[in-house]
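Worksheet: one structure, shown below.
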Amino acid sequence: MAEAPKDVLMRADHVKVYFKGKNRRADSVKAVDDVSFDIRRGETFGVVGESGCGKSTLGRALIRLLKPTEGHIYLDGADIAGLKGPELKKMRKKAQIIFQDPSASLNPRRTVRQILTEPFEIHQMAGKMDVEARILELLNLVGLDTYHLSRYPHELSGGQKQRIGIARALALEPDLIICDEAVSALDVSVQAQVLNLLQELKEKLHLTYFFISHNLNVVYQVSDRVGVMYLGKIVEIADYEKLYEKRYHPYTEALLSAIPQVGQEAGKERIRLRGEVPSPSNPPDGCHFHTRCPKACDRCSLEAPELREVEPGHLVACHLYDTRVRRSKI
Ligand code: SF4
C-alpha cells in the first residue's frame, strides 16, 4: 500500500479480525473482514452500523487491544499491527479509548484520584512529573471539581462517571481517541452534554476521534466523515454532509430511511430490509449484503464488491457503481 499522506494519522490496510469458533469444527467468526480506510489528523471519523457488525472490534484492533488476524495498522506512519511488549505499551500513549459503559469501565474499589493516577503509574511517569497537578488539570478539562477526587464511582452520576472515563483517556495526551459507543449508556440530556464536551476537547487539544455508534443521528452530530459498516465490512465512506445528501449503498439508504427526517426528506417511506443479519461465522458469499439487498442481482452472490471512489472522497462497495462493468454485467 502507498505511503499515507502527512494529513493521515491512522491507516487501516486490509485489516481482518477473526475469532476462533468454540470448538475445532466451528467456523471462525469474521468480526472484521478486510477493512481499509484512513483517519485524517484532527477529524472525527464516525462509524455506524447495527449491533454485531464489527465496529467495536475494529475500534479495539485499531489501538491494539485486540491483535488483528491479518493486515496492517499504521499510526503516524509506523505499523503497530504486530507490536508487542514495551513497544506496544509506548504506542498506547498515542491512542486511547473511551468505553461505552462508564460503570463497568471504572474500578469500583478505587477512588477517582486512584483511577486517574493509574495511567501515570503504568507508564512509570509518577516520579518524573507532578501527577497531582496533572490530575487537577484533567478534572478541570472535563468539568469536574477537586472534591470528586475522593469519590468512588458508585457515588457519581452516569455523566460524571463518563467524564472520569474521558479524563483517564486524556491523561497521557494521546493524539487519537476511540469513542466506543461513548454516549449510548447515558440519558439523552446527558448525551448532549458529553458530546459537547468531546467536541470542545477535540478543538482545544487538537484530538482525532474514531467515533463508534449504532445511532446514525449521534454519528451525524459529531463526525466530519462517516463510514458505514455491515457484517465486518465498510460499505460506504463519505463526508457527513455528502452522505446525508446522497448515499449510494442500499444498506446506507435503508439505515437512513429508519431515522425521522425533516424538510425534503420528510414523508419518505422507511425501507424495511428482509431477513435477519447473517452470522459473521458464516457470511454470505459475494456481497455480504446480498441476502437482504432490495437491488441484488446475480453478480452480487458471486463476487464481493470493492470499496471504490464514485465521487471525490465518496467511496462505495457495491457493484451498481462499478463503472467498469456496470453496463455489461448488471
Ligand atoms: Fe446490493 Fe449487489 Fe450492491 Fe451488494 S453489490 S449492495 S447486493 S446491489
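Atoms within a ligand are numbered from 1 in the order they appear, just like the ligands themselves. Heads up: numbering here begins at 1 and tracks the sequence.
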Under 3.5 Å: donor-acceptor pair, side chain of Asp187, backbone of Val190:
no
Contact check: Cys287 to atom 4 (Fe) of ligand 1, N/O/S below 2.8 Å:
yes
When you measure from the side chain of Asp145 to the backbone N and O of Tyr147, does any donor-acceptor pair fall under 3.5 Å?
no
Please report the interatomic distance OG1(Thr111) to NE2(His148), rounded to the nearest 0.5 Å.
13.0 Å
Does a sphere of radius 6.0 Å around CG in Asn215 hold more than 12 heavy atoms from other residues, nucleotides or ligands, not counting ones at 6.0 Å or beyond?
yes
Partners passing side chain to side chain donor-acceptor pair (under 3.5 Å) against Glu311 (at least two apart in sequence or in another chain)
Tyr248
Taking only non-hydrogen atoms of His249 and a 4.0 Å limit, the atoms of ligand 1 in range are 6 (S)
Atoms in ligand 1 with a heavy atom of Cys300 nearer than 4.0 Å:
2 (Fe), 5 (S), 7 (S), 8 (S)
Any idea which atoms of ligand 1 are less than 4.0 Å away from a heavy-atom of Lys295?
8 (S)
Atoms of ligand 1 close to Cys293 [distance to a heavy atom under 4.0 angstrom, numbered from 1]
1 (Fe), 6 (S), 7 (S), 8 (S)
Enumerate the ring-ring contact (aromatic ring centres under 6.0 Å, His included) contacts for residues 208-236, please, sequence neighbours excluded, ordered by first and then second residue.
Phe37-Phe210, Phe45-Phe210, Tyr220-Tyr244, Tyr230-Tyr251, Tyr230-Phe289
Find all atoms of ligand 1 within a distance of less than 4.0 Å from any non-hydrogen atom belonging to Leu320, and give their numbers and elements.
8 (S)
Show me which atoms of ligand 1 lie under 4.0 Å from any heavy atom of Cys318.
3 (Fe), 5 (S), 6 (S), 8 (S)
